[in-house]
Visitor: 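Shown below is the structure under consideration.
Since the structure is predicted, the reported quantities are computational estimates derived from the model, not experimental observations. FYI, side chains are in, hydrogens and waters are out, and symmetry mates aren't considered; it's all heavy atoms of this structure.
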Amino acid sequence: MAQSVGIKDVARAAGVSVGTVSNVINRPDSVATETRARVLSAIDRLGYVRSESARQLRAGRSRIMGLLVLDMGNPFFVDVARGAERAAREDGLGVMVCNSAQSASEEAEYLSLFAEQRVRGVLLTPTDASGRNIDSFRRHGIPFVLVDRVAEGTTECSVSVDDVAGGALAVRHLVDAGHRSIAYVSGPPGLNQVRDRRTGALHALAEAGLGPEHLRELPTERLDVAAGRDAGARLLGLADRPTAVFCANDLLALGVLQAMYAAGITVPDDLAIVGYDDIEFAAAAAVPLTSVRQPAVTMGALAAELLLEETEAETTGKRHEHRRVVLQPELVVRRSSLAAR
């Protein structure tokens, strides 16, 4: 393995001190033109690249922002990352994206990694329902903002969508279409988003004078297409099969759609389906999917901006007021839910 070139090698090749090389890199105007040219020539000839991590440690400020999400296989979180990266880049920062895979232990490992790397701050969609991981990370004094989650029981900033309103939008639409027996493919029950969307669904039923027995919940261990197919198979096995299904995200809904297609069940004539997130694949499905749209890119950008505000306030000594930003969802109606019962 080739040995890396250090600042001492450059100084030796240029016949100057280490301090002069440092000045050429960081304060070039303070060095005489001829000396500067000699140092730059040595840098180019040796292929020297300065250690950004070492520079950041000396300065005490990283140029990296951490982003930890539930599942980078979900296009929703890809859009969140896009928004965060855009805002971070405008401030001269990069984003280290990590995937907890909905695992509390992996979440803890990545938060430890962020602490070791002394990142500027962290954008976090937590998976640990107990809050222990957040409590442990808070001891490091690194600012963080919760994304796609209301900051319940914490004082930190958060950016989320009103999932109770979103769940109500989905089920109100199905009730208005004539459905009275609805399944909820819900995902892991420990996730706040899953619970809030169910609460909204029950609110919509109550508005229509329908009790909670009109919503049959089918929990899944994960929020992916495979889990949706499994839920679809369970749905097909019900003797009194509901006429409509609301899924906690679009990946689950696409899985249910696949299961229905394989079984010869027509969507929406035999079963109406509504998803959540409105990912790009929703409109491109074999039967275009009705979905509750979340402004994912906006969510990521706003979260990054809040984090940057907080880190800048720490540097300048200004007071930072933690904020909870709650965005509103929107129902996008497509063919998967248009047949009335």
Visitor: Only one of L251, L252, V185 clears side chain to side chain contact (heavy atoms under 4.5 Å, CB included) with L223; which?
Guide: L252

Visitor: Does the side chain of F76 reach to within under 4.5 Å of the side chain of M299, using non-hydrogen atoms?
Guide: yes

Visitor: List in chain and number order the residues that pass salt bridge (Lys or Arg N to Asp or Glu O under 4.0 Å) with D135, two or more places apart in sequence or in another chain; answer none if no residue qualifies.
Guide: R138

Visitor: Is the shortest heavy-atom distance from the side chain of V16 to the side chain of V39 under 4.5 Å?
Guide: yes

Visitor: Any donor and acceptor pair, going by atom type alone, linking the side chain of S100 with main-chain N or O of V69 inside 3.5 Å?
Guide: yes

Visitor: Any donor-acceptor pair under 3.5 Å linking the side chain of D250 with the backbone of D278?
Guide: yes

Visitor: Is it true that atom CD of E34 has more than 12 heavy atoms of other residues, nucleotides or ligands lying nearer than 6.0 Å?
Guide: no

Visitor: Taking everything shown except R132 itself, do over 12 heavy atoms lie less than 6.0 Å from its CZ?
Guide: no

Visitor: Take D148 and Q193 through the test side-chain hydrogen bond (donor to acceptor under 3.5 Å, both in side chains) and record every step on the way to the result.
Guide: CA-CA 8 Å; D148 194 32; Q193 297 95 320; 3.0 Å; yes

Visitor: Quick one about D163 and Y276 (side-chain donor to acceptor, distance below 3.5 Å, no hydrogens or angles considered), yes or no?
Guide: yes

Visitor: Supply the atom-to-atom distance R198 CZ to H203 NE2, rounded to the nearest 0.5 angstrom.
Guide: 10.5 Å

Visitor: Can you find a side-chain donor-acceptor pair between S181 and H214 that sits under 3.5 Å?
Guide: no

Visitor: Keeping R120 on the side-chain end and T311 on the backbone end, is there a donor-acceptor pair under 3.5 Å?
Guide: no

Visitor: With R323, which of E310, E156, E305, E309 fulfils salt bridge (charged side-chain N to carboxylate O under 4.0 Å, His left out)?
Guide: E309

Visitor: Can you say whether the rings of F246 and Y184 are parallel (under 30°), tilted (30 to 60°) or perpendicular (over 60°)?
Guide: parallel

Visitor: Using salt bridge (Lys or Arg N to Asp or Glu O under 4.0 Å), reason through D230 and R234 one step at a time and then give a plain yes or no.
Guide: CA-CA 6 Å; D230 175 72; R234 283 184 279 152; 3.3 Å; yes

Visitor: Could you tell me the separation between the OH atom of Y261 and the CG atom of L254, rounded to the nearest 0.5 Å?
Guide: 14.5 Å

Visitor: Would you check, one step at a time, whether the test salt bridge (Lys or Arg N to Asp or Glu O under 4.0 Å) holds for E90 with R86?
Guide: CA-CA 6 Å; E90 290 177 357; R86 185 181 304 164; over 6 Å; no

Visitor: Looking only at atom types and distance, does a side-chain atom of R334 sit under 3.5 Å from a main-chain N or O of L289, one as donor and one as acceptor?
Guide: yes

